[in-house]
Structures are given as structure tokens and as C-alpha cells.
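Only one structure is covered here, and it is reproduced in the block below.
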Amino acid sequence: MEIFWYIIIAIVLSIFFILDGYDFGTGIIHLFFAKEEKDKVVIAKAAGLFWDSNEVWLVAGGGLLFMAFPTFYASVFSGFYLPLILVLWFIIFRAIGLELRGQFDYPIWKSIWDKSFGISSLLMALFFGVGLGNIVRGVNLGGVENGVSTYEAHYFFLPLWNSSFSPSGTHPGVIDWFTIIIGIIAVVTLAIHGANWIRLKTNSSINEKLKSIVSRLTWVLIALTIFSLAVWHVINPRPFGNFADNPMFLIFPLLYLAGIAGQFFAPTYWWKFCSSSMIIVGGITSSLASIFPVILPSTNTLNDSLTIYNTTTSAYGLSVAAGWMIIGIILLAVYTIVQKKLLGGKIDDMDYGH
Amino acid sequence: MEDMIFYDRLQFAFTITFHYLFPQLTMGLSLIIVYFKWQYLRTKTEQYNDAARFFMKIFAINFTMGVVTGIPMEFQFGTNWAKFSELTGGIIGQTLAMEGTFSFFLESSFLALFIFGEKLMGQKLHLLTGFLVFLGSWASGYFILATNAWMQHPVGYEVLANGKFVLENFSALFSNPWLLPAFLHNQMASVVTSSFVVASIGAFYLLSKTEEEYGKLFLKTGVIFGLTSSLLVAFPTGDWNAKNVVKYQPAAFAAMEGIFETEEGGAEIVLIGQPNMVEKKLDNKIAVPNILSFLTYQEWDKEIKGMEEFDKEELPDNIPALYYSYHMMVGLGTIFIGVMALAAFLLWRKKLYSFAPLLWVIMFLFPFPYIANITGWYVAELGRQPYLVYGLLRTVEGISPTVSSGNTLFTLLGFVGLYMLLGLLFLLLVGKAIHAGPKPIKH
Ligand code: HDD
Ligand code: HEM
Ligand code: HEM
């Protein structure tokens, strides 16, 4: 049952990162490459029409995590207090940026909200990557100081950074040189994903230019990936051990590689978009698989890592929830398909009936 | 520890109060929009469709605000109330996750369709999507209230050796005797808010002599919905809630009503008076004997326990705030019924549209249902103190052990600044929409 819920939550959150991921990416592209007002409008719209229905996946994923692994939820949300609150603020600035830009016609008004949308998207992508980096690196569970725990064994609190920015040792901060690399990987991946989305959904005049941007970013991504794998042993003495033990897990890194290859070889915009979705899912799942069944490693030897087994609730609770979740999944599939069907096609060609 | 809990509570109270300004309008307004749309299909009068589209614009602005301020609420269970989440997640996680899975998806998927899809779908389907938006928003209210009902009156749980609450009976969460009265009362209260807003915009158009035809329609609809919901809020749903409080949280009831001592031969109802916590009495009291016993038990001389009978550890920790909140809610409720009854009477005698004094009153009345809703929640939440889960888990035991008060103060100040900005922008947008007015569709 724990594994079932772990998989369900991983799927829900992956869908969130695919869907809202293109909104982040669209924001990053918008920030750096959209120059003409006409492009700015359609590119903002490519995110603006969808962000709130995409964000629901985050709400649902959070709720499910809360229900199925309450101890993990409590530990991680209080331990990563500051970055999470910052993410909340970015979510708000991203949303109001998108909703407000079209409300008044002053250029300064538009440029304020464009920046608000772009910069929050960029920072959110960065922070989500940094978050993933923290999950695989682990934290000082129990807040161990000189061999004694300050808190209960499954609680911790991380500062945003500490002066050494080093991921090794028992006292890492949220941001260190390793997690920041993972953060940059997330930014690059989502920028590729967003560019693919823009090319799929709009006729913007920078579509041609985005093509070369995507292939250049893909090379950057390849370089960063190789570098991060080379340094992975700093945070995990047996970095690929889980893959050696369970060869089945290799499917996740293969998904990632296939997605990268797709950036060069996929024939249509649609397939390119699917490939960048594969990069996202492959990246997340490979990282999670590398520590499974642990979900938050401990960097000290005193307190055990958090796993899906020691953070869960009762078997009864998990199984009733599985019952209603099946109905939920069917409904979600129906809503998503109906909505995407009716709002399909290029944004610029759409007639909203307003 | 003391200041940790203080800032955690302050931050939660501030952010939830701000959040709840928006859903209370959207839940009620979605009902009124469905009504307009349905009237349009029935009568084919374009005006109804224009009205539906106009309020959809206001709905959409509120919805966005509801979403962006709602996500911090979900996060805060983990960030600021980690111990509470850890111990009760197996139970209230159920209702919160169901809310996310069933209602938010319904609402936000179909909202996009309702706003952008009128031409694509045709009128019948458009009404259906509107109805699904309504259903989604009421369902989310239902799941949220199921969550809150469990905290007010826990049922269907089992406590493990390590102190964790786990679910023992799923259906008990939904047959909780606290839930239905609270849900119906809360939903009626949100219809009060939205109908007062609709009526107020109508009165504004009539008084400023712009969009007068729409003004009349809005005013009429607002008054009819407003009178009905104001009556339902007081009776039976308010009364029903009060009976639950006496039964399950007697200490909170004594504090709400300002009863310090148990009275022989029936309790009086206090209309005015200020709790004096030093001398344990009400100053400047005006009260009517025996009414409270009658309202609560339908018996004139039934005894109601005063605060003296409870252990200090069981009494809410901010009695004056609880007492004032309750009296403000009930007092405003009474005023709402009065004003709306008068307006409905004039409407029936066909005098309302030209009776300026009442139009002015209606125009400026719309903030008060917001106040009544907020104070109503303060009654519920302050009355639950000193417990987080009534009778089982004290509020002090629920906070995050690792988050220092300095960090919470920092984020609280951040939320205050950010929400100030959001509030200003919100008013600007709604003002703009009202100024632009409902427009007939261009063919
Ligand atoms: C327009 C808003 C409004 C108005 C006019 C009223 N209420 Fe109310 N009341 C609410 C809005 C509200 C609320 C915000 O919706 C609450 C908070 C929790 C809940 O379920 O509903 C609430 C809760 C609430 C409670 C429960 C407190 C608790 O949970 O401890 C009681 C006993 C009443 N109400 C009683 C009344 C009575 C007797 C009214 C008579 C006029 C009344 N309310 C008017
Ligand atoms: C229905 C869903 C709600 C849930 C699950 C909920 C839950 C909570 C929790 C966990 C706390 C913090 C712990 C505590 O102080 O007891 C709290 C406090 C509070 N809530 Fe709610 N709340 C809900 C709705 C509301 C609403 C709509 C309002 C007001 C508009 C509100 C007003 C407050 C206030 C003022 C406090 C601080 C009380 C105090 O600490 O003395 N709540 N609530
Ligand atoms: C502590 C309590 C609360 C939490 C954790 C919470 C959480 C949330 C979240 C996460 C959202 C955004 C959902 C989305 O993406 O669509 C939201 C919106 C919403 N919330 Fe709350 N909420 C709380 C209190 C309440 C209360 C008391 C109500 C009313 C009964 C309510 C009703 C709604 C509704 C109807 C929406 C949909 C957005 C809208 O229509 O404006 N919430 N809430």
C-alpha cells in the first residue's frame, strides 16, 4: 500500500511538473527572449490560460502527500520552511503577473507584470530543482549537534545556506553548490520545455529562433547532467547502487536520455514537447529511484533516514483512500481531456467568444 | 515557546482571514450566476446572459485570489503546524486530499471552459459548465468544513501508542453531527455575502444613473436572494449550530454568550455588555431574562452552565474576543434580515428603485456580511481553544518544533506586505469591472 501511494503521488507531482513546468518555462523564455509586444501577449497567454488548472495538481499532490505520509509532510514542510514560503510568494507573483498584464494599456504596467511573471517563473524553477537536490542529498535529521539530537529524530530545520556552501558534512544548507547545479538543470530543462510549448501553441515570431535556442540549451543540459553525475558521489557514497540492485530502475534514466535525444530528432512540435516531458519525468524519477525506499536521507549516523514505511499512516486509511482515488483518477482524466480538447489548437487562432 | 505559538497563530489567523474573503464570494456568486444563466435559457432575455457574463468577470478575479491565497493555507499545515499534521494527517489528510482531487479540479477545469467556451459549446452546455463550477466550489466548501468539523468534534479516530491519530471509520468523517449544520450555515452565509454584493452594485448603478436596466435586475435578484439567505442563516442553521456548541463545547458556549455564573431558573440573553475579566462579570449589561434557555432548549427555566463551572484549563483563552465576535455576527444577522425585509417589501410595492435612502443603505451594506462571516469563523476558531482538536490535542502541542519565532515573524511580515498589495490590486480590478459595466454581447 505504501508503494502504491508513493507511485500515485509521484505520478501526480510529475504531471504537475509537466503541466505547470511549461508555464515556468514559458515564463523563462518570456523573460529573456520575447521582445515584441505581439509575442509577449501570445506567449503570456500560452501560460495564462492554463496556469490555474495546472496548479491544481500541486494542491492535489500536496493533499495526497499529507494524507499518505503525514510524518514526511510535517518534517519536510517545517524543515524547508523558508524556501517553501519563498516559493509561495513566487507562485503569487507569477499568478498576478499573468492575470494583470492585460488589464491596463500603460507600457510600464505591462513591463512590471511581465517581469513579475518571468522572474518568479525562473526562481520557482530554480527552487524546485534545489528542492530535488536537497531530497537526494539529505538533511541533518534531528538537528544533531555534537552527537546529540536537538529535535525529535524526524524533524530538522535548514537555513537557506551556510557559509561554506558545501553539500558534504552533516550541516548542509538549502542552497549549496550541488543543489544549485540541480537547480540550474531544472531551469534549463524547463526552459526547453517552455520553448517547445510556445512553438506548439503559438505562431509567435520567435518560433524559428527558439529552435536554435532549444538545441543550444540541450547541449548545456547534457554538460550539466554529466557534471552532476560525476560529482554525485560527494553526496552519496554508493550513487548508483540502487540501479545495480534493481536493474528495472534503469528505465528512468533511459527515459531521461530518450527525452534528450528527442530534442534533436523528434519530428514534430508535439513530439518535441513529449520528449521534454520525458526529460522532466525521467530526471525526477531517476533521482527518487536512486534513494528509494528512502524519501529523505539523514546526513548523520544517529538518526535514521525517512522512508516510505516509517512516515506513513494506518493501513486502513491508505486503503479507503485508494478506493476514492480510483474514482478521482477517472474523473481527472475526463476533465483534463475535455478541457484540453476544447481549448486545443494555436492560441493566436482561437476565438474566445468574448 | 510562548512567542513561537503566538506568531504561528497570528500568521494562520491573518492568512486564513484574508483567504476566506474570496471563497465566501465565489461560492455564493456561482449560485447566482447559474441562476442568471438559467433564466436566460428560460426567457431568452439577453439581459440575463449579460448579467451572468458580468458577474463571471468578478467571479474570475475572486477565484484567482482564492487560489493564490489558498495554496499558502495548505502549505501552512506543514510549515507552521507540523506536529499537528504529523499526528492528524492520516485523518484530515483524507478530507483535504479529497477536496484537491474532487472539487478543485472540477471547479478550475470548468471555469476556464465557462469563461472562454461560450461560443464553442452553445448555450445549454455553457449552463452545464456553469453548474459544474458551482458544484465544484460547494464541494470544496464541504470538504473543508468536514476537515474543520473533525477538529471541532473529532469522530471515527483511533489513537496509537505513539500519539498519532489514525482513521478508524471513514464514513464517520461525513456523518459527523457537527458537519451538516456548519456546512449549511456557512454556505448560506456565503450566499448572503454574494447577494449583498450583487444588490450593492445594482444600487450603485441606480443611484449613479448608469446602466439602470441592469441596476434594477441586480438589485431585485440581490434582494430576493439576500432575504432568503439572511433568514436561513439565522434559522434554522444558526440555531442548529448553537445547539451543537452547547452540546459539544459547553465551555465555549458560556464564553460566547458571556455567562459568567450559572443562573438558577433559566439563563438570560445578553444584548449588550462588555466582559470584565478581572471582576468576572459583564459591564453595562442589557439582558432579557430566560430567553437564552428557551432558544437553546425550548424550556424557559433550563439551566445553562456559566464559565465558573469549568476548569480554567478548559476555557477559551480569549474570552472577550470570542464574546464580541459572536455578538457581532448575530447582531449583524438581525440587521440583515431587517434591511432585506424592508427592501423586499418595497420591491413588492414597486417603490424600491426610486427610494434613494434605502438604495444608499444597500450600497454601503456589502462589507458587513464579510465582517459577519469573519467574526463567525472567529467564534468557531476561538471557541475551539485551548484545543486544536477539541478535547484531544492542545494548540501548543501542534506547532512546528523547529521553526523559530523569528522565522515566523519574518514570513508573517512578508505575507502582510504581499497581501496588502494583493488587496489593492484586487480593488482596482473589481472597480474597473464595475466601472466598465455589463455589456451586451457584440454580434
Ligand atoms: C453572513 C454571515 C453570518 C451571519 C449573519 C450569521 N452567521 Fe453564524 N457563522 C457564520 C456566518 C454567519 C460562519 C462564518 O459561516 C460560521 C463560522 C463557522 C461556520 O460553520 O459558520 C458561523 C458559525 C456559527 C456558529 C458556530 C460557532 C462554532 O462553531 O463554535 C453559531 C452557533 C452561529 N454561527 C450562530 C449564528 C446565529 C444564531 C446567527 C443569527 C443571526 C448567525 N450565526 C448569523
Ligand atoms: C474550515 C477550515 C479551517 C480549518 C481546517 C482551520 C484550521 C485552523 C488551524 C489549524 C488553526 C491554528 C491552530 C489554532 O490556533 O487553533 C486555526 C486558527 C485560526 N483560524 Fe481556522 N481554520 C479554518 C477556517 C477558518 C476561517 C475561514 C477563519 C476566518 C475567517 C479562521 C480563523 C482562524 C483564526 C482567527 C485562528 C486563530 C485562533 C487562535 O489561535 O486563537 N479559520 N484554524
Ligand atoms: C485552513 C483552511 C483552508 C485551506 C487549507 C484552504 C486551501 C485552499 C486552496 C489550496 C485553494 C486553491 C485551490 C485551487 O487551486 O483551485 C483554495 C481555494 C478555495 N478555498 Fe480554501 N482553504 C481553506 C479555507 C477555506 C474555507 C473555510 C473555505 C470555505 C468553506 C474555502 C473554500 C475555498 C474555495 C471555494 C476555493 C476555490 C477558489 C475560489 O473559488 O475562490 N477555503 N483553498
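A:P70 and B:G89 make their closest contact through CB-CA, 3.8 Å (heavy atoms, listed as atom of the first residue, atom of the second, distance). Residues A:A60 and B:F105 share a closest heavy-atom pair of CB-CE1, 3.7 Å. In this structure, A:E55 and B:I71 approach most closely via the heavy-atom pair OE1-CD1, 3.3 Å.
For A:L64, the parts sitting under 4.5 Å from any heavy atom of chain B are the backbone and the side chain alike. Only the backbone of B:E168 has a heavy atom closer than 4.5 Å to any heavy atom of chain A. For B:L425, the part sitting under 4.5 Å from any heavy atom of chain A is the side chain, from C-beta outward, and nothing else. For B:F415, the parts lying under 4.5 angstrom from a heavy atom of chain A are both the backbone and the side chain. Only the side chain of A:L100 comes within less than 4.5 Å of a heavy atom of chain B; its backbone N, CA, C and O stay farther away. Heavy atoms closer than 4.5 Å to chain A are found nowhere in B:F426, neither backbone nor side chain. Neither the backbone nor the side chain of B:L132 comes within less than 4.5 Å of any heavy atom in chain A. Of the atoms belonging to A:F156, it is backbone heavy atoms, and not side-chain ones, that fall under 4.5 Å from chain B. In this structure, the portions of B:T408 lying under 4.5 Å from any heavy atom of chain A include both its backbone and its side chain. If you measure heavy-atom distances from B:I61 to chain A, you find no contacts under 4.5 Å at all. Proximity to chain B (any heavy atom under 4.5 Å) is restricted, for A:W51, to the side chain, taken from C-beta onward. Within the 4.5 angstrom heavy-atom criterion, only side-chain atoms of B:M121, from C-beta onward, approach chain A. Of the atoms belonging to B:L429, it is side-chain heavy atoms, and not backbone ones, that fall under 4.5 Å from chain A. Contacts between A:L84 and chain B at a heavy-atom distance below 4.5 Å involve backbone atoms as well as side-chain atoms.
No other option in B:T402, B:V403, B:L167 has as many heavy-atom pairs under 4.5 Å with chain A as B:T402. Comparing A:F157, A:F104, A:F80 by heavy-atom pairs within less than 4.5 Å of chain B, the highest count is held by A:F157. Chain B forms the most heavy-atom pairs under 4.5 Å with one residue out of A:S314, A:A68, A:A95, and that residue is A:S314. Considering only heavy-atom pairs separated by less than 4.5 Å from chain A, the leading option among B:G90, B:G78, B:S404 is B:G78. With chain B as the partner, the residue from A:T313, A:I92, A:L65 showing the most heavy-atom pairs under 4.5 Å is A:I92. Among B:A60, B:G100, B:P401, the residue making the largest number of heavy-atom pairs under 4.5 Å with chain A is B:P401. Of the residues considered (B:T101, B:T129, B:L422), B:T101 shows the highest number of contacts with chain A, using heavy-atom pairs under 4.5 Å. Between chain B and the residues A:G63, A:G317, A:S78, the most heavy-atom pairs under 4.5 angstrom are made by A:S78.
For the atom pair A:L88 CG and B:T79 OG1, the distance stands at 7.5 Å (nearest 0.5 Å). Distance OG/B:S400 to OH/A:Y81: 8.0 Å, rounded to 0.5 Å. A distance of 7.0 Å separates CZ of A:F77 from CD of B:E74, quoted to the nearest 0.5 Å. In this structure, CZ in B:F63 is found 10.0 Å from CD in A:E99, a value given to the nearest 0.5 Å. Atom CG of A:L82 sits about 4.5 Å away from atom CG of B:N407, to the nearest 0.5 Å.
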Could you walk me through whether A:F93 and B:L418 satisfy the side-chain contact (heavy atoms from CB on, under 4.5 Å) test, starting with their C-alpha distance in whole Å, then the side-chain angles of each, then the deciding distance to 0.1 Å, before giving a yes or no?
CA-CA 9 Å; A:F93 274 112; B:L418 184 54; 3.5 Å; yes

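Taking a 6.0 Å sphere around CG of B:N162, one finds it holds more than 12 heavy atoms contributed by other residues, nucleotides or ligands. Heavy atoms from other residues, nucleotides or ligands lying under 6.0 Å from CG of B:L427 number more than 12. The number of heavy-atom neighbours closer than 6.0 Å to CZ of A:F16, taken from other residues, nucleotides and ligands shown, is above 12.
Residues satisfying the salt bridge (Lys or Arg N to Asp or Glu O under 4.0 Å) criterion with A:D20, sequence neighbours excluded, are A:R94. In this view, B:K432 and A:Q103 satisfy the side chain to side chain donor-acceptor pair (under 3.5 Å) rule, not counting sequence neighbours.
Within the structure, side chain to side chain donor-acceptor pair (under 3.5 Å) contacts touching residues 150-162 of chain A (residues at least two apart or in different chains) are A:E152-B:K83, A:H154-B:E86, A:Y155-B:E86, A:N162-A:S164.
Proximity to chain B at a heavy-atom threshold of 4.5 Å picks out A:M325, A:I327, A:G328, A:L331, A:L332, A:Y335 from residues 325-335 of chain A, in numerical order.
Between A:F66 and B:F77, the ring planes lie parallel to each other; the angle is under 30°, not in the 30° to 60° tilted range.
The shortest distance between side-chain heavy atoms of B:F410 and A:I85 does not fall below 4.5 Å.
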